[in-house]
Q: 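Here's a structure for you.
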There are 4 protein chains.
Amino acid sequence: MATRAPKKKSLIEELRRKQIVDTAIRTIATRGFANTTLNNIAEAAGVSTGVITYHFRNKNDLIEQSIKKLFEAPNEYVIGRVERQSAQSDRLRTYIEATIRFNMENRDHCVALIYSFSSITSQAHRQQVIAKHHTKIRRFLEKILRDGQAAGEFGKFDAAVLAQIVFGAIEGLLTQWVLDPATTDLARASKQLIDMVERHISPS
Amino acid sequence: MATRAPKKKSLIEELRRKQIVDTAIRTIATRGFANTTLNNIAEAAGVSTGVITYHFRNKNDLIEQSIKKLFEAPNEYVIGRVERQSAQSDRLRTYIEATIRFNMENRDHCVALIYSFSSITSQAHRQQVIAKHHTKIRRFLEKILRDGQAAGEFGKFDAAVLAQIVFGAIEGLLTQWVLDPATTDLARASKQLIDMVERHISPS
Amino acid sequence: MATRAPKKKSLIEELRRKQIVDTAIRTIATRGFANTTLNNIAEAAGVSTGVITYHFRNKNDLIEQSIKKLFEAPNEYVIGRVERQSAQSDRLRTYIEATIRFNMENRDHCVALIYSFSSITSQAHRQQVIAKHHTKIRRFLEKILRDGQAAGEFGKFDAAVLAQIVFGAIEGLLTQWVLDPATTDLARASKQLIDMVERHISPS
Amino acid sequence: MATRAPKKKSLIEELRRKQIVDTAIRTIATRGFANTTLNNIAEAAGVSTGVITYHFRNKNDLIEQSIKKLFEAPNEYVIGRVERQSAQSDRLRTYIEATIRFNMENRDHCVALIYSFSSITSQAHRQQVIAKHHTKIRRFLEKILRDGQAAGEFGKFDAAVLAQIVFGAIEGLLTQWVLDPATTDLARASKQLIDMVERHISPS
DNA sequence: AATGAATGAGATTTCATTCAT
DNA sequence: CATGAATGAAATCTCATTCAT
């Protein structure tokens with residue numbers, strides 16, 4: 001029942017912020033990162049430009065809130081589904097499937113996420129934020145692999161490195177799908193990735 | 001088979017262009033995409049602002065030349081090494097190893113490449129250029145896989161999809177390494193990826 | 001001789017106006033003139049933004065009310081004390097002492113006053129208001145000097161010019177104290193100024 | 001023969017900067033501090049707005065350069081004249097006369113200087129800059145007084161405090177003259193101030 | 001009376017591009 | 001070829017003011 005909100009935000013304030021973040025994500029997916037202005041976002045949201053700087057400290061603040069959501073939204077989706085599984089092999093498969101599915105069902109989200117790499121500036125902060133999110137997700141995957149080894153479900157392999165590979169493979173597949181959806185068959189790739197990984201980790 | 005420049009560029013002209021493109025890549029890697037101005041590049045190259053717009057039609061032209069180089073440089077490196085191998089299994093292993101190695105030895109290049117994936121502006125052109133490069137490399141990998149199947153070196157699998165996965169995995173690993181080099185062991189990941197793929201495609 | 005408000009203000013209305021003016025002065029002293037927004041003042045007063053524009057025609061109105069108070073508050077303090085003295089030499093000394101004392105006891109007031117001297121916008125009106133207040137106080141001082149001459153307490157000198165000097169000296173001392181309180185000893189300066197002026201005007 | 005210039009400025013660059021600073025001072029004197037925009041200054045200088053941010057980091061930078069000049073220009077004028085005098089009593093008189101004269105001959109300068117107090121923001125930096133300039137000038141005056149005491153030209157008094165008073169009196173007189181030139185006779189005030197001070201410090 | 005979200009005019013700032021030298 | 005000062009369009013940011021609740 002803990003209340004957060006460092007500065008007590010009103011309900012309407014929260015709604016507006018959420019609306020603007022969602023619109024920002026949509027606009028970035030449509031126009032690209034470099035080409036998205038506050039005006040574009042305001043117009044897409046049907047509000048005046050001033051509304052954005054009224055609710056966010058500045059453009060950078062809005063962008064970072066959007067990036068936060070870009071990482072958290074798929075996480076919530078995936079983690080919830082993974083945790084409903086008990087066997088680690090089911091968890092692993094669910095992790096891959098759910099991640100791919102979320103992105104297929106939310107292309108704007110996926111596109112904006114991939115684009116967000118270009119938003120990294122020399123101010124290390126932005127990079128750190130993205131890196132932290134990356135690491136967090138990768139660790140979640142790594143834990144599944146280790147738990148599976150501990151339970152005897154999986155054989156012997158370097159869990160940290162395999163987590164890197166699987167996570168990297170998914171991200172790389174999504175990048176391809178963003179750039180060239182016509183020649184990228186995410187669903188089949190998902191199946192084959194699962195198949196390959198399962199064979200790799202089987203205890204035999 | 002080298003084609004000469006269609007518009008007769010002087011030698012000094014070519015050198016300048018090359019110098020500027022290289023500096024642009026280095027600057028993007030250092031400052032991020034959104035934070036790199038023509039002045040930044042000019043300063044880093046030790047020339048005046050005007051030099052850039054003298055040698056390139058405009059900023060977009062310079063960026064596209066840089067992106068071209070970002071894709072072509074690792075390609076040359078990798079393809080050369082791959083083609084010295086005759087067995088397809090050697091080619092496949094060489095492809096993965098050489099790609100990882102080139103990027104480890106040219107971090108600026110790698111960083112700029114990852115940043116650029118999503119430097120897409122509303123001119124769909126940029127996205128098409130990147131997608132085309134992606135596809136080209138993936139096709140090269142796919143051909144190795146198919147040739148290996150034809151030669152009986154590899155077993156049965158969907159080559160197009162596996163090419164997607166392997167290519168995606170490498171790209172994803174590089175992305176992780178760009179964001180967080182400390183926790184990303186590229187060399188080990190490379191070995192394990194090769195191991196996993198080889199087991200997956202073994203004909204048995 | 002107090003005139004009632006020409007437009008019938010309720011008691012609560014008057015209290016609010018006074019509270020806001022006081023807060024404005026405090027905020028200007030804290031944040032500087034150029035850096036004080038209506039929101040800053042509202043926040044410092046613990047009220048909503050709208051309250052200010054509800055009680056004041058606009059920002060300019062609030063600022064002018066505040067400037068009015070900045071001049072009137074020390075005046076009331078000083079004039080009351082001066083008029084309790086009968087000898088003009090006592091009045092003169094009291095004038096200087098009381099002015100310095102009021103400002104030492106109300107640093108925010110003093111700071112805001114110094115800052116406001118030059119808050120002049122292109123509307124010459126603001127400058128006129130400040131000049132009028134200045135002149136009024138100077139005249140008050142001048143009268144003491146003239147009355148002293150008439151009574152034979154003081155010797156021969158140009159009263160108008162000496163009033164300028166004394167008034168200017170006090171204002172200048174306060175400015176220094178505002179800018180650099182550590183190196184400005186107002187109390188000693190006050191004594192020495194009185195001493196110097198008294199010697200200058202002594203009839204001998 | 002020491003060269004300064006931390007970053008090697010070209011001659012034309014220096015001229016432009018000087019021109020813009022001068023125009024800024026003139027514009028501030030005319031329009032007031034709060035009412036002066038970069039556009040106003042650019043227009044008055046007959047250049048485009050971009051020129052200003054090309055030659056100055058930002059508006060704040062220009063303002064601080066202008067404030068620097070506001071303090072340094074009268075200083076140079078006054079110090080040069082003072083140092084041509086050998087007797088300390090001549091130096092003191094020259095200090096007061098020259099300060100008043102410079103300001104009478106450069107009203108824009110004087111007006112902008114007085115206005116500059118309103119430019120102080122909560123960022124302590126601006127205040128410190130102004131305070132530092134103030135202190136420096138006051139110390140110069142203090143030294144004249146002490147040297148005169150050491151030479152036996154002047155009698156016994158607290159030199160630091162008298163310097164405060166004389167400096168404050170001049171500044172206060174200038175403030176009055178800025179606000180209300182019609183009723184402020186600077187020339188006569190200057191004479192009477194000298195007279196009063198000389199009597200105060202005479203050794204008898 | 002009071003609130004505070006929203007507006008929009010006007011300011012500052014950035015920067016690709018031009019052009020006289 | 002090269003320079004770098006200048007431009008001006010377009011972006012971000014600020015904030016007094018309005019207004020529905």
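In what follows, chains are A, B, ... by sequence order, proteins preceding strands, each numbered from 1. All values below come from the heavy atoms of this structure, side chains included, with hydrogens, waters and symmetry mates left out.
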Q: Round to the nearest Å and state the distance from A/E43 atom CD to E/dT7 atom C1'.
A: 16 Å

Q: Could you list all the salt bridge (Lys or Arg N to Asp or Glu O under 4.0 Å) pairs where at least one residue sits in residues 44-57 of chain C, not counting sequence neighbours?
A: C/R57-C/D61

Q: Report the residue from A/D108, A/I41, A/V111, A/T36 that forms a side-chain contact (heavy atoms from CB on, under 4.5 Å) with A/R26.
A: A/D108

Q: Which pairs count as side-chain hydrogen bond (donor to acceptor under 3.5 Å, both in side chains) when at least one residue sits in residues 38-53 of chain B, sequence neighbours excluded?
A: B/R31-B/N40, B/T37-B/N40, B/N39-B/T49

Q: Between F/dA5 and D/Y54, counting only base atoms on the nucleotide and side-chain atoms on the residue, is there a donor-acceptor pair under 3.5 Å?
A: yes

Q: Once ring-ring contact (aromatic ring centres under 6.0 Å, His included) is applied, do any residues pair with B/H55, and if so which ones, sequence neighbours excluded?
A: none

Q: Taking all non-hydrogen atoms of both residues into account, name the closest pair between D/L38 and D/I52 and its distance.
A: O-CD1, 3.5 Å

Q: Taking side chain as C-beta onward, heavy atoms only, is A/L113 less than 4.5 Å from A/V178?
A: no

Q: Nearest whole Å is fine: how far is F/dA2 P from B/Q19 CD?
A: 9 Å

Q: Between E/dA5 and A/R16, is there an OP1 or OP2 to side-chain N/O distance shorter than 4.0 Å?
A: no

Q: Take the protein atom CD1 of A/I52 and the nucleotide atom C1' of F/dC13, then report the distance between them rounded to whole Å.
A: 12 Å

Q: Quick one: C/L15 CG to E/dA2 P, roughly how many Å, whole number?
A: 10 Å

Q: Applying side-chain contact (heavy atoms from CB on, under 4.5 Å), run through D/I63 and D/I28 and close with a yes or a no.
A: CA-CA 10 Å; D/I63 295 298; D/I28 289 166; 4.3 Å; yes

Q: Search all heavy atoms of B/S116 against all heavy atoms of B/L70 and return the closest pair with its distance.
A: OG-CD1, 3.9 Å

Q: Let me know the distance between CZ of A/R17 and P of E/dA6, rounded to the nearest Å.
A: 12 Å

Q: Starting from P on F/dA16, measure out to CG on C/D61 and report it in whole angstrom.
A: 14 Å

Q: Once you round it to whole Å, what is the distance between P of F/dC15 and CZ of A/F56?
A: 20 Å

Q: Would you mind telling me which residue lines up with the more 5' stretch of DNA chain F, B/V47 or D/G46, judged by nearest nucleotide?
A: B/V47

Q: Under 4.0 Å between any heavy atoms, over every strand shown, what does B/I12 touch: base, sugar-phosphate, or nothing? Just pick one.
A: sugar-phosphate

Q: Roughly how many Å apart are E/dA1 and F/dT21, using the P atom of each and rounding to a whole number?
A: 22 Å

Q: Could you list the protein-to-nucleotides 17-21 of chain F atom pairs, N/O on both sides, closer than 3.5 Å?
A:
residue: F/dT17; atom: OP2; partner: C/K59; partner atom: N; Å: 2.7

Q: So what's the dot-bracket for DNA chain F: Watson-Crick or G-U pairs under 3.5 Å, [ ] if a pair crosses, | if it pairs off-strand?
A: .||||||||||||||||||||

Q: I'd like to check the salt bridge (charged side-chain N to carboxylate O under 4.0 Å, His left out) partners of D/K69; sequence neighbours left out, ordered by chain and number.
A: D/D22

Q: Send over the distance from D/H55 NE2 to E/dC15 C1', rounded to a whole Å.
A: 15 Å

